[in-house]
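In listed order, ligands and their atoms are each counted from 1.
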Amino acid sequence: MAPANLLVIGMAGSGKTTFMQRLNSHLHAKKNPPYVINLDPAVLKVPYGCNIDIRDSVNYHKVMDHYNLGPNGAIVTSLNLFSTKIDQIVQLLDKRAENYNHVIIDTPGQIECFIWSASGSIITQALASAFPTIIVYLIDTPRTTSPSTFMSNMLYACSILYKTKLPMIIVFNKCDIKDYEFAKEWMTDFEAFQASMSSDQHNSSEGGDSGYMNSLINSMSLMLEEFYSQLDVVGVSSYTGKGFDEFLDIVDDKVKEYNDVYKAEQERILKQREQDEADRKVKNLSKLVKDLGIKDQNASTSRKKEDDYDGVNVLSDFEDDDDEEEEQEEDTINAPQREYTYEDERFEQIKQQAQQAKEDSTLEKITQYINKSN
Ligand SMILES: Nc1nc2c(ncn2[C@@H]2O[C@H](COP(=O)(O)OP(=O)(O)OP(=O)(O)O)[C@@H](O)[C@H]2O)c(=O)[nH]1
């Protein structure tokens, strides 16, 4: 069975590294060691053993110096450089697939550098097209007790879900300091969330959120109801190890969900892309044949059959006709000037006859007009 890829994503300081360390030791204790990847090029120390570390391939400080970049630009550039080798990583994971049930991947603390960058998408898609891939979105529970911070975090998670289109688990970390029951309630009971909002406003009436902010958060919480229904939520403590068994059970469910829903969708997208590519090639080929002036026997017979039919089948029939007209117009513009094949004398004669015919018809018209007006 292909191993589950767990992409650990979270705001800076949410505890990704500590979570990775705990998950690693938890799986080791269960005699089910994971394959570990670090994708954070800026991290100074990784407190767990890595099978693949981006820092072995890219030197973050040299990238900063060499390209004259700031910290975030250097993270994005390092990821760009690393993503050029992603096919090799996938091959490597494929080779090791039989030995592991989980591949756990740490990402840079600056979420936007990973999620909204081209390299982040390339890495995520490459993994997701080969293995069941799950987004683990980590939240710093003690810092999410205010309704507005909670809402901002949820909106971020929502945007990541719709960007990656992969199964997601919301993990409330640091539950040894603050239990995550309040968050669970807010996600299932809209009225409880509203009550917390108004009490929060009441308690901080001097420096609290503005009325506009409150009404915005209220409408957003209604909008997010649909999003909450698709989520699996778990509370853990990376310090004590609480909640990790439950987390692993949810991972198993999500792998099933990936195989049933996401894989089918991925395959459909892939098929559609292949079909579009094949159509494009056929179109280009027929254009080339036309440009070279080669008569396509089949095409002309089928065109004749089509011409016999007066009706219009599909919208593309109109488009084709328009294209042909345009092409014909182009042809007259670009066509070389014809050389006269008549002898000069015969040509002069025809010209005179044409002129005479023109004059005659004008004379006749004037005579008719005068007769009428009389
Ligand atoms: N009490 C408690 N503290 C935690 C827990 N997990 C992490 N921390 C603390 O939270 C702080 C940040 O943890 P890190 O693991 O470095 O967070 P990070 O998300 O990797 O940070 P960046 O890589 O800088 O984004 C550290 O001081 C940790 O000791 C937890 O479960 N409980």
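Donor-acceptor pairing under 3.5 Å is recorded for the side chains of Gln272 and Asp276. A side-chain donor from one of Tyr137 and Asn153 sits under 3.5 Å from a side-chain acceptor of the other. Counting only N and O atoms by type, the side chains of Tyr48 and Asp106 include a donor and acceptor under 3.5 Å apart.
Taking the six-membered ring where the residue is Trp, Phe150 and Phe193 present tilted rings, their angle falling between 30° and 60°.
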Practice task
Decide yes or no on side-chain contact (heavy atoms from CB on, under 4.5 Å) for Met168 and Ile134, but give the supporting numbers first.
Solution key: CA-CA 6 Å; Met168 177 184 266; Ile134 294 151; over 6 Å; no
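For atom 30 (C) of ligand 1, a protein heavy-atom neighbour is present inside the 4.0 Å cut-off. Within the 4.0 Å cut-off (strictly below), no protein heavy atom is located near atom 27 (O) of ligand 1.
Each of the following atoms of ligand 1 lies closer than 4.0 Å to a heavy atom of Ala12: 25 (O). Each of the atoms 12 (C), 17 (O), 18 (P), 19 (O), 21 (O), 22 (P), 25 (O) of ligand 1 lies under 4.0 Å from some heavy atom of Gly13. Set against the non-hydrogen atoms of Asp176, the atoms of ligand 1 under 4.0 Å away are 1 (N), 2 (C), 30 (C), 31 (O), 32 (N). Close contacts between ligand 1 and Gly109 involve ligand atoms 25 (O) [criterion: under 4.0 Å to a heavy atom]. Every atom of ligand 1 is numbered from 1 in the order shown, and the set under 4.0 Å from a heavy atom of Ser237 is 31 (O).
By the criterion of a heavy-atom distance under 4.0 Å, the side chain of Asn173, and not its backbone, is placed next to ligand 1.
Nearest non-hydrogen protein atom to atom 15 (O) of ligand 1 is Thr18 OG1, 2.5 Å. Looking at atom 10 (O) of ligand 1, its nearest protein heavy atom turns out to be Lys174 NZ, 3.1 Å. The nearest heavy-atom contact from the protein to atom 18 (P) of ligand 1 is Lys16 N, 3.4 Å. The shortest contact between atom 20 (O) of ligand 1 and any protein heavy atom is with Thr17 OG1, 2.6 Å.
In this structure, Lys256 places its NZ atom where only 12 or fewer heavy-atom neighbours from other residues, nucleotides or ligands lie under 6.0 Å away. Crowding of Asn68 atom CG: a count of heavy atoms from other residues, nucleotides or ligands under 6.0 Å not exceeding 12.
Of the inter-residue distances, the one linking Met11 atom CE with Thr149 atom OG1 reads 10.0 Å to the nearest 0.5 angstrom.
For the pair Leu23/Phe247, a side-chain contact is recorded, criterion being any heavy-atom separation below 4.5 Å from C-beta on.
Heavy atoms of Gly10 stay at 4.0 angstrom or farther from ligand 1.
Residue Phe19 has no N or O atom closer than 3.5 Å to an N or O atom of ligand 1.
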